[in-house]
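Scroll down for the structure; my scribbles are underneath it.
Start at 1 with the first residue, then count along the sequence.
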Amino acid sequence: MRFLKKYRLAIIVVFLLCARLFHMGETIDTPHAWRQYDTKQYIDAYYHENVSFLEPAVCWMGGHKTLALEFPLPEFLAAQLYKIFGPQLWVSRTFFLLFFLISVVFLYKSLKLVFSDIIPEISVLIYGLMPLSLYFSRAIHIDFFVFAFVFAMLYYSMLAIRNEKFWQLFIALICATIAFLVKAPYVFYFSLPILMFAIHEGKFNWFIKRSILFAVPVLLLWKWTSYTKALNLEVPDWSFVPNFNNFTEMWYWYFGTWDQRTNLTNWSTIGGRILWEVLGYTGSILMVIGLVFTPKNRQFYWTLTLFFGTAIYGLIFFNLNLIHNYYQLPFTVCCALIMALGIQWIVNYISKNSKTRMIIIVVILGSVAFEGIQYAESNYYNRNEGMEHIAEQIRIHTKQEDLIIVSFGGLSPQCPLLLQPAGRYGWSVPIHDITPKLIFDLWKTGDANKLAVVYNGYFEGEFKVFFEAMKNKIGIPLNNNGQVLYICDLNF
């Protein structure tokens with residue numbers, strides 16, 4: 001038992017690492033393969049093409065390539081590891097998994113400053129065993145890179161407040177700056193639990209006088225967004241492609257509309273994800289117990305501040321939360337903590353015997369772990385082998401320097417699902433939008449020289465006449481349902 005107490009954090013970290021080792025493969029899986037391919041594209045372009053750090057490349061902007069949104073530090077760092085270990089997917093997975101484990105360490109250390117009992121251990125275990133955490137912590141995905149710096153900011157901010165040490169606050173500032181530049185929505189609301197901690201410590205005035213320092217990441221983010229807007233304005237005008245976006249006006253993408261927030265279906269969508277991909281049955285019960293029965297002390301109010309801060313984040317960035325399930329990742333933190341409070345209340349209520357209490361904790365955590373792993377295994381880690389096969393055929397039948405117009409089903413103009421695994425640049429156009437005129441315009445204004453279209457059967461009407469006029473035409477049957485990949489050179 002003495003060994004377990006001394007090395008409890010290391011044991012937790014190793015356990016959470018082992019829970020992920022079975023999904024470190026060399027293929028991108030779902031959900032959100034498209035987001036992972038975009039991240040992989042940034043990494044690949046840094047490594048293979050040596051593009052400028054401040055000019056990252058996407059694969060679906062034709063030969064222009066350059067498009068910047070979030071500060072690309074994690075992708076750039078991952079590319080540097082490629083130079084040591086080679087451009088393998090496991091290298092990227094390991095890089096992002098490492099930052100997940102760092103986030104566990106700093107979350108634990110932060111909670112230890114607030115809670116004196118076993119709450120931090122239970123909280124980080126639950127945090128690491130929730131379905132969203134299990135999946136995205138080993139995905140080619142930047143969010144846990146951000147959380148590592150967010151929790152480091154939280155820890156060093158609270159440590160600085162307790163010790164009144166400026167150098168610790170300066171470390172918090174550095175961590176806040178990195179996290180804010182990469183993904184600001186995940187950072188700002190942690191100011192509330194930090195302020196609550198300062199109040200509880202009686203150091204509010206000390207912290208407030210120095211908090212002006214945290215204007216630095218805000219100013220740097222403003223500078224970065226101004227730069228990205230100017231950079232993205234250089235994207236050629238391909239507005240004739242339906243739903244084309246050069247990502248210079250991002251207000252709606254982040255915040256959405258007020259009408260979205262008054263639609264009960266939208267709330268049901270987000271609530272359903274939190275229920276199944278964060279909490280599960282056991283977690284939902286523990287959440288209620290934690291919120292209702294936990295003694296209303298300083299620790300509870302600090303937890304409540306974190307919970308309300310996360311809710312504010314969800315309300316402000318509603319559109320992001322509605323579209324993508326990974327934007328519910330911030331809820332894993334506050335929910336895990338409240339669930340831990342629920343477990344503590346249960347064991348305190350049932351027994352004062354230490355062995356009995358430990359058995360109860362293990363049983364409840366076992367239930368949480370089983371539900372989280374079972375949900376993740378049933379709903380995540382799936383490969384789209386059909387898409388992979390199409391991309392492979394495009395790679396085989398085209399050249400590295402080709403600029404390809406790809407069209408398959410409803411894949412949008414911002415979709416990397418065919419171009420990135422094929423290792424090609426070009427444009428993605430939904431099948432219902434592609435026309436001979438649109439293809440001609442991309443050939444004329446973007447130097448497109450190849451077309452790759454997935455179609456059921458053979459073309460008809462105007463498109464048939466157009467395709468048959470092209471050079472080097474091939475048709476590759478994809479399955480027994482009549483689906484064919486047609487590839488040709490553009491000849492105008």
Side-chain angles (χ1 to χ4, degrees), residues 20 22-45 47 56-61 67 69-70 72 74-75 78-79 82 87-97 100 131-145 183 243 245 253 269 273 276-277 320-329 375-395 404 406-431 452 454 478-479 483 485:
R20 290 155 169 80
F22 295 102
H23 295 290
M24 298 291 289
E26 283 295 306
T27 54
I28 298 289
D29 46 23
T30 60
H32 291 300
W34 64 270
R35 183 63 177 89
Q36 296 183 69
Y37 275 126
D38 271 343
T39 302
K40 182 176 180 293
Q41 173 61 33
Y42 269 25
I43 298 170
D44 287 353
Y47 175 74
V58 296
C59 60
W60 34 265
M61 279 287 187
L67 188 79
L69 292 171
E70 295 152 337
E75 295 93 336
Y82 276 15
Q88 305 296 323
L89 205 60
W90 71 264
V91 177
S92 293
R93 289 197 188 281
T94 303
F95 172 81
F96 290 111
L97 178 56
F100 162 74
L132 284 181
S133 293
L134 285 166
Y135 178 75
F136 284 107
S137 59
R138 32 62 62 202
I140 312 303
H141 201 264
I142 67 172
D143 286 29
F144 282 102
F145 176 92
K183 210 153 197 173
N243 298 310
N245 188 353
W253 180 251
T269 298
R273 292 194 195 127
W276 300 116
E277 300 185 68
L320 294 178
N321 275 270
L322 180 62
I323 295 175
H324 309 303
N325 69 340
Y326 58 81
Y327 277 100
Q328 276 83 72
L329 279 169
Y375 184 92
E377 293 292 335
S378 300
N379 295 276
Y380 306 149
Y381 313 118
N382 299 308
R383 289 174 58 186
N384 192 330
E385 295 183 7
M387 199 81 72
E388 292 173 16
H389 177 60
I390 296 169
E392 177 64 12
Q393 293 302 314
I394 292 173
R395 187 192 66 79
I404 309 167
V406 299
S407 184
F408 175 37
L411 296 185
S412 73
Q414 295 81 39
C415 183
L417 291 177
L418 290 179
L419 288 167
Q420 210 290 321
R424 300 291 183 264
Y425 287 95
W427 300 263
S428 175
V429 182
I431 194 69
V454 176
L478 298 173
N479 50 45
Q483 211 170 49
L485 169 64

What pairs with Tyr82 under side-chain hydrogen bond (donor to acceptor under 3.5 Å, both in side chains), at least two apart in sequence or on another chain?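 Applying side-chain hydrogen bond (donor to acceptor under 3.5 Å, both in side chains) to Tyr82 gives Ser92.
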Who pairs with Trp60 by side-chain hydrogen bond (donor to acceptor under 3.5 Å, both in side chains), at least two apart in sequence or on another chain?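 In terms of side-chain hydrogen bond (donor to acceptor under 3.5 Å, both in side chains), with neighbours along the sequence ignored, Trp60 is linked to Asp38.
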Residues Tyr326 and Glu277: side-chain donor-acceptor under 3.5 angstrom: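 No donor-acceptor contact under 3.5 Å links the two side chains.
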When rounded to the nearest 0.5 angstrom, what is the spacing between [atom1] in [X] and [atom2] in [Y]?
| X | Y | atom1 | atom2 | answer |
| --- | --- | --- | --- | --- |
| Ile28 | Leu417 | CD1 | CG | 10.0 Å |
| Glu70 | Lys183 | CD | NZ | 4.5 Å |
| His23 | Ser137 | NE2 | OG | 10.5 Å |
| Arg20 | Leu134 | CZ | CG | 4.5 Å |
| Thr27 | Asn382 | OG1 | CG | 10.5 Å |
| Asn245 | Gln414 | CG | CD | 5.5 Å |

Shortest non-hydrogen contact from [X] to [Y]?
| X | Y | answer |
| --- | --- | --- |
| Ser428 | Leu411 | OG-O, 3.5 Å |
| Asn321 | Arg273 | O-NH1, 2.6 Å |
| Ile390 | Leu485 | O-CD2, 4.0 Å |
| Pro421 | Ala391 | CG-CB, 3.6 Å |
| Pro72 | Pro56 | CG-CG, 4.2 Å |
| Leu329 | Ser133 | CD2-N, 4.2 Å |

Under the rule for side chain to side chain contact (heavy atoms under 4.5 Å, CB included), what residues qualify as partners of Asp29, not counting sequence neighbours?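 Testing Asp29 for side chain to side chain contact (heavy atoms under 4.5 Å, CB included), a comparison that skips the adjacent residues, returns Gln36, Arg93, Tyr135, Arg138, Tyr381.
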Return the set of residues passing side chain to side chain contact (heavy atoms under 4.5 Å, CB included) with Thr39 (not counting sequence neighbours), or none when no residue passes.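 Thr39 satisfies side chain to side chain contact (heavy atoms under 4.5 Å, CB included) with Arg35, Ile43, Glu75, Phe96, Ile140, Ile142 only.
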Among Tyr425, Tyr42, Tyr37, exactly one meets side-chain contact (heavy atoms from CB on, under 4.5 Å) together with Val58. Which residue is that?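 That would be Tyr42; it is the only one of Tyr425, Tyr42, Tyr37 passing the side-chain contact (heavy atoms from CB on, under 4.5 Å) with Val58.
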Which of parallel (below 30°), tilted (30 to 60°) and perpendicular (above 60°) describes Phe144 and Phe100?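 Phe144 and Phe100: perpendicular rings.
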Could you check whether the rings of Tyr380 and Tyr375 sit parallel, tilted or perpendicular, using 30° and 60° as the cut-offs?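 Aromatic pair Tyr380/Tyr375 classed perpendicular.
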Reference residue His141; test ring-ring contact (aromatic ring centres under 6.0 Å, His included); the match among Phe136, Phe95, Tyr327, Trp34: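 Looking at Phe136, Phe95, Tyr327, Trp34, the match for His141 under the ring-ring contact (aromatic ring centres under 6.0 Å, His included) is Phe136.
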Let's go through His389 and Asn479 carefully: what are the C-alpha distance in whole Å and the side-chain angles of both, what is the deciding distance for side-chain contact (heavy atoms from CB on, under 4.5 Å) to 0.1 Å, and is it a yes or a no? CA-CA 10 Å; His389 177 60; Asn479 50 45; over 6 Å; no
Tell me, please, which residues at least two apart from Glu392 pass salt bridge (charged side-chain N to carboxylate O under 4.0 Å, His left out).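 Glu392 satisfies salt bridge (charged side-chain N to carboxylate O under 4.0 Å, His left out) with Arg395 once adjacent residues are dropped.
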Checking Trp276 now: which residues fulfil ring-ring contact (aromatic ring centres under 6.0 Å, His included) with it, not counting sequence neighbours?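 So Trp276 forms a ring-ring contact (aromatic ring centres under 6.0 Å, His included) with Tyr281.
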Between Trp427 and Leu419, is the side-chain contact (heavy atoms from CB on, under 4.5 Å) condition met? List the steps. CA-CA 8 Å; Trp427 300 263; Leu419 288 167; 5.8 Å; no
Asn325 vs His32, side-chain contact (heavy atoms from CB on, under 4.5 Å): CA-CA, chis, key distance, verdict: CA-CA 9 Å; Asn325 69 340; His32 291 300; 2.9 Å; yes
Leu67 vs Gln41, test: side-chain contact (heavy atoms from CB on, under 4.5 Å). Steps then yes/no. CA-CA 11 Å; Leu67 188 79; Gln41 173 61 33; over 6 Å; no
